[in-house]
Structure formats: C-alpha cells, structure tokens
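In this text, all values refer to a predicted model and were calculated from it rather than measured experimentally. To find a chain, count down the sequence lines: A is the first, B the second, and so on, and within it residues start at 1.
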2 protein chains.
Amino acid sequence: MSSTPGMPAPVSGALGYTIKLAQHALRLQVDDAIRPLGITAPQFAVLVAVDLDPGISNAALARAAFVTPQSMQGIVANLERDGLLRRNADPLHGRILRSELTRSGRSVLGKAHAAVAEIEARMTNSLKRVEIEQLSLLLQRCIDNLLRP
Amino acid sequence: MSSTPGMPAPVSGALGYTIKLAQHALRLQVDDAIRPLGITAPQFAVLVAVDLDPGISNAALARAAFVTPQSMQGIVANLERDGLLRRNADPLHGRILRSELTRSGRSVLGKAHAAVAEIEARMTNSLKRVEIEQLSLLLQRCIDNLLRP
DNA sequence: CTTGACATATCAGGCCCCTGATATAATATA
DNA sequence: TATATTATATCAGGGGCCTGATATGTCAAG
C-alpha cells in the first residue's frame, strides 16, 4: 500500500457506502453458513420462493427476486441439475414451466433456513426491538426516495 | 404466477431482506447514472481508490474494496483496456504494478462523482440530519455484530 | 547463505447478474 | 378472423465475484 494502509473507505461518511458494507457482511456470513449445504445465497432465496409458491414460473421467480428472467434461469437450471428442484410443463399454459421442490430440496431448505435465521438473529442481538424498527423504517424511506422521483 | 401476485418478499419483516433491497435499489440507480459514461459501479469505486492513492497495487485495491485480488484484477484489466488506468512496474518492488489514472480516467471519474453524489443526496433528501446519523450508527452496529463472534 | 513465511500477480473454472436478441404461446384488439 | 401486443422461455456474450492453484519477489530466521 502507499499512503493510508488501514483506510479502506473511498467515500467515508457516505451512507451508501455503509449500506453496501452491511449487505456485504451479511452476504459473507450467509454464504459461509450455507456453503456446507451445497447451495448459494441466491439459490436459497429461490428455494424459499418455490416453497412458498409451488408451481411458480421462472418469470414470476425473477420478479420476486428483482432479477431478470435470464438470471433466474441460470439459478433454476443449477438447482434442477443438482436435484433440488423439478420443472414440469403447465397443463393450462403451453409455455410455463412449473417449478417444485424435490424431497432433497425440502431437506436442504430446512437446514438452510435454520442457519440463516441464526445469522439474522446475531446481526440484531445488541439492538432493542425499537431500534430494529427504526432501522427498518429509515431504510425503507431511503428505498422509497431512490425509486420515486 | 400462482397464489400471491404482488407479494415479492420471501421473508417479509426480515431486516436482512430490507438491507438487501436498499443496496439493490442504490446499485440500480448508480448503474443507470454512470452507464452513459461507459463504466460500472465497481469500476467507479476503483477509479476513486486509485485517485485517492496513486500508484496503489492491485492487492491493496482488493483490500480496499473487500474483494479478492483475482476479482480486482479483472476490473483493473478492463479499466486498463479501456484506457482509464495505466499500470507500471514498481522500481523498488519487482512484483508490484502501480496503478495510475490516465487523463481520460480523471475526466470520467469527475463526471461519475457528480452523478453518484446526486443519487446519494436524493436517497436522503427526506431524512433529517439526526436520522441519517441514527441510520448510519444502527447499520454499523449490525456490521459489528456480524463480524464479531 | 539457505530456508521458510509472506506478499503479489496471475491462470482456470464456476456462479450470479446484466443487456440484447429470438422464438413461441396467450390474449387483446381491429 | 387476422393482427398486434404481451408473457414466457431461452440463447449469446460480457462484467464481477468467488475458490483453488501456481509462479515469482521480499524479507526474516536459522
């Protein structure tokens, strides 16, 4: 390094940078926790969504995860390849492929749920209930501000 | 879709999900703002870091951005290919390649800085100064909780 | 001086995400 | 009915991130 070894913040004091750091730290923890199960964070999110809405289409999954159908297709293809998910043609709609969890998928999902819940709990274990509520509301206002104008 | 059309949240009420949404919304806005300049959000972050610390090594850049040296190498290679950044061998250390901005890199960085600052300002334009401080502190406590035990 | 620990750069392969483009099924409209 | 629009799936290519492995340069301990 050259001048400031222990100073990683490019724009210190910026809220956007702190949000990025929080998301990054959370993502690292989740990745480590579910890697032994053989799935990634995006795959976990998809397993959750399919479990909540069995028979969901790839396009609907993409909307739920705020990604493009192309991105979702890659995740679903990998889950199908690994036997955690199954796709069958919709009898009513000739184009939709209905995704369902396999027995193996449900098993992995259960274990992942527990691991992720533990991480979320640890993240807030020094925050009072009111503070969690405050944080959630302030973040939501930021999101609204970004999506509005 | 099957049961709940307009309900995208897989684990509604979870703080981790809200953090992810905020980061995602911010990233989308930044991407849109700097795409016309021909750079991506990670590339912008690297330009900032190189501008703050001219002659920085690839490994130091990776540490600053919390990514692996391999990941950083790809970004730096693309920036070099696009003529926004230049790398020269360190005269004192036979292995380090010192990164510097080109004239073109400085020009793009200036425009990107303005665009990103505008987005950050919009994100918090309905929040009082005290609320921004609260949000930042609460997020930092979550980060600490995640990285500690 | 030799050896070993560490830092740096880089290659290979995989996952996730994007934009752009294409093909087909379902539906609305003229 | 015929056409246009919309929805869905998918191919192609690129950027950014990861783990694992490799090669070389620096430095300290023996």
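Taking the six-membered ring for Trp and thresholds of 30 and 60 degrees, F44(A) and H113(A) have ring planes more than 60 degrees apart, a perpendicular arrangement.
Across the interface with DNA chain D, nearest-nucleotide mapping of H93(A) and R35(A) shows H93(A) to be the residue nearer the 5′ end.
Qualifying salt bridge (charged side-chain N to carboxylate O under 4.0 Å, His left out) partners for D82(B), counting only residues two or more places apart in sequence or in other chains: none. Scored by the salt bridge (charged side-chain N to carboxylate O under 4.0 Å, His left out) test, E133(B) finds no partners at all (sequence neighbours excluded). Under the side chain to side chain contact (heavy atoms under 4.5 Å, CB included) criterion, Q29(B) pairs with L146(A), L147(A), I119(B), R122(B), sequence neighbours left out. Under the rule for a salt bridge (charged side-chain N to carboxylate O under 4.0 Å, His left out), D144(B) has no partner lying at least two apart in sequence or in another chain. Shown here are the salt bridge (charged side-chain N to carboxylate O under 4.0 Å, His left out) partners of R35(A), two or more places apart in sequence or in another chain: D32(A).
The distance from atom CG of D90(A) to atom C1' of dA7(D) is 13 Å, rounded to the nearest whole Å. Taking atom CZ of F44(A) as the reference point, atom P of dC16(C) lies 14 Å away to the nearest angstrom. Note: CD (Q23(A)) to P (dC17(C)) measures 11 Å, nearest angstrom. With rounding to whole Å, I56(A) atom CD1 is found 11 Å from dT8(D) atom P. Atom-to-atom, NE2 of H24(B) to C1' of dC17(C) comes out at 9 Å; the value is rounded to the nearest Å. Here the P atom of nucleotide dC16(C) and the CE atom of M72(A) are 10 Å apart, to the nearest Å.
Counting any heavy atom pair closer than 4.0 Å across all strands shown, L79(B) reaches no nucleic acid atom. L28(A) comes within 4.0 angstrom of no nucleic acid atom, judged by non-hydrogen atoms across all strands.
Within the structure, salt bridge (charged side-chain N to carboxylate O under 4.0 Å, His left out) contacts touching residues 14-27 of chain B (residues at least two apart or in different chains) are R27(B)-D31(B). Residue pairs meeting the salt bridge (charged side-chain N to carboxylate O under 4.0 Å, His left out) criterion with at least one member in residues 64-80 of chain B, sequence neighbours excluded, are E80(B)-R87(B).
Placement of L52(B) and I75(B) within a single hydrophobic cluster is found when ILVMFWY residues are connected by side-chain heavy-atom separations under 4.5 Å, directly or transitively.
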Protein proximity profile, nucleotides 9-16 of chain D - base contact B, sugar-phosphate-only contact S, no contact -, cut-off 4.0 Å on heavy atoms: BBB---SS
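Taking side-chain N and O atoms only, R63(B) has a distance below 4.0 Å to OP1 or OP2 of dT8(C).
Where the helix from dC1(C)-dG30(D) to dA30(C)-dT1(D) starts and where it ends, the local axes point in directions that differ by 10°; five pairs per end, rounded to 10°.
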